[in-house]
Amino acid sequence: MSYINFYACCHITKGFTYSIITDLERGIYFSFPTEYFEILSQKNIPAQNNPYSSDPYFQELLNFLEKNKFIYQTQQKENISEVNTEFILPYEIEDIIIDAANGEDLNYKTEKIDIFCETIQFRIYGDCTVDNLYHSINNIRAIGISSIEIIINYNEQLITQEAYADLYQKNNIISRIIVMNSPEAKKAEGSSILFTTSKLSSCEQCGIISESLFMPNQRTFLTSQKFNSCLNKKLSIDINGEIKNCPSMKESFGNISEISLSKASGMPSLKKYWDVKKDDIEICKDCEFRYICTDCRAYTQQSEIINDIDYSKPLKCSYDPYEGKWFSEKPILYK
């Protein structure tokens with residue numbers, strides 16, 4: 001008799017209508033009907049004498065999974081150990097977002113950064129010169145932060161495409177540059193500089209839940225099971241200088257002109273949503289994509305609020321796990 005097992009990097013997530021198999025090494029996932037979840041979640045599945053041996057779809061599913069290296073077969077049962085699902089990073093704050101009105105505002109705010117983190121994101125809405133960017137990058141480098149993402153609107157008169165390329169090449173601290181409101185969408189050759197036609201207008205643009213934004217990687221998959229996939233260990237300075245968990249959130253913990261980031265980061269109320277995971281959120285807890293999807297607490301359906309904690313589904317998500325369909329025209333509102 002032969003037996004079927006999944007490769008160690010493949011994990012199954014149960015949803016209401018569909019479930020998914022996520023390969024955390026290759027960063028891919030595959031959906032299948034949830035009626036097969038119970039048997040596929042077992043170890044050492046009999047290849048022949050199983051409850052679905054006569055089910056042609058199930059046999060086709062197994063053939064697909066084996067061909068695409070999700071599963072393998074053995075002649076004997078294997079002793080399979082439980083996978084360690086801990087994912088620990090040595091940062092009290094992992095991400096900082098700075099929303100800046102312009103280059104001078106960015107310089108001022110980066111000079112106020114007094115806390116170490118893993119990554120920082122600049123979102124610059126107005127005019128900004130390449131000198132402004134160099135100044136702010138040097139401010140961040142002096143703290144020891146090793147990764148910067150820059151999101152900025154296109155303005156060829158202030159920063160040319162050649163200047164972006166030069167900036168990227170000279171600063172390995174830059175992980176990616178996204179230039180919005182560009183005349184054309186393209187990716188600069190040999191770099192992580194992306195040009196997109198949509199305009200960066202305000203923080204209200206965030207919170208969109210889309211399959212194109214899913215992150216089927218080990219970090220997202222494991223941390224989403226224990227923490228909020230958007231707000232955990234995040235700190236932000238909004239365009240008005242207010243310190244928040246996210247620029248789109250309403251609650252402020254003081255203005256950067258009056259209180260330091262390090263002091264604000266120690267406030268217990270900042271961590272209000274850090275432990276609100278997808279398994280706790282209405283509708284999301286029944287969704288097969290919940291461990292590879294980014295949450296949003298700033299824009300929700302406001303339908304499930306308990307003890308001042310919002311457990312409602314993100315407002316800008318149009319996926320219905322009960323139908324197993326995306327409805328692109330508008331979000332699904334549950335009454």
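This one's a predicted model, so the numbers in the text were calculated from it and none came from an experiment.
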Would you say [Y] and [X] are linked by a side-chain donor-acceptor pair, where the criterion is simply a distance under 3.5 Å?
{"X": "Q225", "Y": "D279", "result": "no"}
{"X": "Y36", "Y": "D55", "result": "yes"}
{"X": "T300", "Y": "Q302", "result": "yes"}
{"X": "N255", "Y": "S257", "result": "yes"}
{"X": "T17", "Y": "E323", "result": "no"}
{"X": "Q205", "Y": "K316", "result": "no"}
{"X": "N102", "Y": "D127", "result": "no"}
{"X": "S252", "Y": "E242", "result": "yes"}
{"X": "D286", "Y": "Y322", "result": "yes"}
{"X": "Q73", "Y": "S2", "result": "yes"}
{"X": "N153", "Y": "N181", "result": "no"}
{"X": "N44", "Y": "E78", "result": "no"}
{"X": "Y29", "Y": "E211", "result": "yes"}

Check this for me: [X], atom [atom1], are more than 12 non-hydrogen atoms of other residues, nucleotides or ligands nearer than 6.0 Å?
{"X": "E25", "atom1": "CD", "value": "no"}
{"X": "K170", "atom1": "NZ", "value": "no"}
{"X": "E92", "atom1": "CD", "value": "no"}
{"X": "K187", "atom1": "NZ", "value": "yes"}
{"X": "K271", "atom1": "NZ", "value": "no"}

- What's the verdict on ring-ring contact (aromatic ring centres under 6.0 Å, His included) for F32 and F37, showing C-alpha distance, side-chain angles and the deciding distance? CA-CA 8 Å; F32 65 91; F37 173 82; 7.2 Å; no
- Is it the case that R26 places NZ or CZ above or below the six-membered ring of Y7, under 6.0 angstrom from the centre and within 45 degrees of the axis?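 The answer is no, since R26 fails at least one limit relative to Y7.
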- Looking at F227, does the NZ or CZ of K277 lie under 6.0 angstrom from its six-membered ring centre and within 45 degrees of the ring axis?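 Output no; distance or angle outside limits.
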Measure from the side-chain N and O atoms of [X] to the backbone N and O of [Y], and report whether any donor-acceptor pair falls under 3.5 Å.
{"X": "S192", "Y": "R176", "value": "no"}
{"X": "S224", "Y": "T220", "value": "yes"}
{"X": "D166", "Y": "E162", "value": "no"}

Under 4.5 Å between side-chain heavy atoms, counting indirect links through other Ile/Leu/Val/Met/Phe/Trp/Tyr residues: same cluster for [X] and [Y] or not?
{"X": "L200", "Y": "I208", "value": "no"}
{"X": "F253", "Y": "I98", "value": "yes"}
{"X": "V130", "Y": "Y108", "value": "yes"}
{"X": "I159", "Y": "L194", "value": "no"}
{"X": "M180", "Y": "L133", "value": "no"}

If we only count heavy atoms from C-beta on, is the [X] to [Y] side-chain gap below 4.5 Å?
{"X": "I152", "Y": "C128", "result": "yes"}
{"X": "R297", "Y": "P314", "result": "yes"}
{"X": "F6", "Y": "L40", "result": "yes"}
{"X": "V276", "Y": "D310", "result": "no"}
{"X": "I124", "Y": "I151", "result": "no"}
{"X": "I256", "Y": "L261", "result": "yes"}
{"X": "F221", "Y": "H11", "result": "yes"}
{"X": "T197", "Y": "Y154", "result": "no"}

- Query: Taking all atoms of both residues into account, what is the closest heavy-atom pair of K313 and E282, and its distance?
  - Reply: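 Closest pair (atom of K313, atom of E282, distance): CB-O, 3.6 Å.
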- Below 4.0 angstrom, N of the basic side chain to O of the carboxylate: do K272 and D308 qualify?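 Salt bridge flag = yes for D308 with K272.
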- Quick one: do K278 and D295 make a salt bridge, cutoff under 4.0 Å?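 Salt bridge between K278 and D295, a charged N being under 4.0 Å from a carboxylate O: yes.
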- Test I237 against I97 for side-chain contact (heavy atoms from CB on, under 4.5 Å), laying out the working first. CA-CA 6 Å; I237 306 173; I97 298 175; over 6 Å; no
- Would you check, one step at a time, whether the test side-chain hydrogen bond (donor to acceptor under 3.5 Å, both in side chains) holds for S136 with N139? CA-CA 5 Å; S136 289; N139 287 340; 4.7 Å; no
- Query: Are W326 and Y319 near enough that their ring centres are under 6.0 Å apart?
  - Reply: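 Yes - the distance between ring centres of W326 and Y319 falls below the 6.0 Å cut-off.
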- Task: Tell me whether the centres of the aromatic rings in Y52 and Y57 are closer together than 6.0 Å.
- Result: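 No.
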Under 3.5 Å, sequence neighbours excluded: what are the donor-acceptor pairs made by side chains of residues 113-120?
from	atom 1	to	atom 2	distance (Å)
D114	OD1	S262	N	3.1
D114	OD2	S262	OG	2.7
E118	OE1	R219	NH1	3.1
E118	OE1	R219	NH2	2.6
E118	OE2	R219	NH1	3.1
T119	OG1	D95	OD1	2.6

- Task: In sequence, state the C-alpha distance, the side-chain angles, and the governing distance for S229 and T294, and then conclude on side-chain hydrogen bond (donor to acceptor under 3.5 Å, both in side chains).
- Result: CA-CA 5 Å; S229 56; T294 301; 5.2 Å; no
